[in-house]
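To keep things clear, I will list the structure first and then write my remarks on it.
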Amino acid sequence: MHTVKSKKQLKTRIKKISGQVQALEKQLDDGKECIDILYQISAIRGAVNSLMANVIEGHLLEHVAHENSAEKRHEEVEVALKLIKSYLK
């Protein structure tokens, strides 16, 4: 999934995440139980992880896999790995 080609789908996912964050804020304002808040945070994290995985997959398939230059392809892989490592911290 490439960001330009899949803009509508990505924006839909982002709106879902935004709704989840708003629900979390409401839970906090309403004094909900800790476990409910933890489940909501978990759902948000899962949605963000899924979004990240889809964008990374699209980047690798669209930009890295189709790169003709082996040197440029290696550089793109290194950039992607650096990003993934940063995200996982």
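Interatomic distance, Glu76 CD to Leu60 CG, rounded to the nearest 0.5 Å: 9.5 Å. In this structure, the separation between CG on Leu24 and CG on Asp29 is 9.5 Å, given to the nearest 0.5 Å. To the nearest 0.5 angstrom, Glu62 atom CD is 8.5 Å from Ser6 atom OG.
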Return a table of donor-acceptor pairs under 3.5 angstrom between the side chains of residues 32-49 and protein atoms on other chains or two or more places apart.
from, atom 1, to, atom 2, distance (Å)
Gln40, NE2, Gln20, O, 3.0
Asn49, OD1, Tyr87, OH, 2.4
Asn49, ND2, Arg45, O, 3.4

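Residue pairs that meet the salt bridge (charged side-chain N to carboxylate O under 4.0 Å, His left out) test with at least one member in residues 78-89, sequence neighbours left out, do not exist here.
Listed by chain and number, the residues in a ring-ring contact (aromatic ring centres under 6.0 Å, His included) with His63 are His2, His59 (sequence neighbours excluded). Residues passing the side-chain contact (heavy atoms from CB on, under 4.5 Å) test with Glu67, sequence neighbours excluded: Ser69, Lys72, Arg73. Residues satisfying the side-chain contact (heavy atoms from CB on, under 4.5 Å) criterion with Lys26, sequence neighbours excluded, are Asp30.
In this structure, Leu88 is not a member of the same hydrophobic cluster as Val79, with clusters built from ILVMFWY side-chain heavy atoms closer than 4.5 Å. When hydrophobic clusters are built by joining Ile, Leu, Val, Met, Phe, Trp and Tyr residues whose side-chain heavy atoms come closer than 4.5 Å, directly or via intermediates, Ile84 is grouped together with Met52. The same ILVMFWY cluster, assembled from side-chain heavy atoms under 4.5 Å apart, contains both Val64 and Leu81.
Taking the side chain as every heavy atom from C-beta outward, Thr12 and Lys16 never approach each other to under 4.5 Å.
No more than 12 heavy atoms of other residues, nucleotides or ligands lie within 6.0 Å of CD in Glu25, so this atom counts as exposed by the packing criterion.
Listed here is the closest heavy atom pair of Arg13 and Leu51: NH1-N, 3.7 Å.
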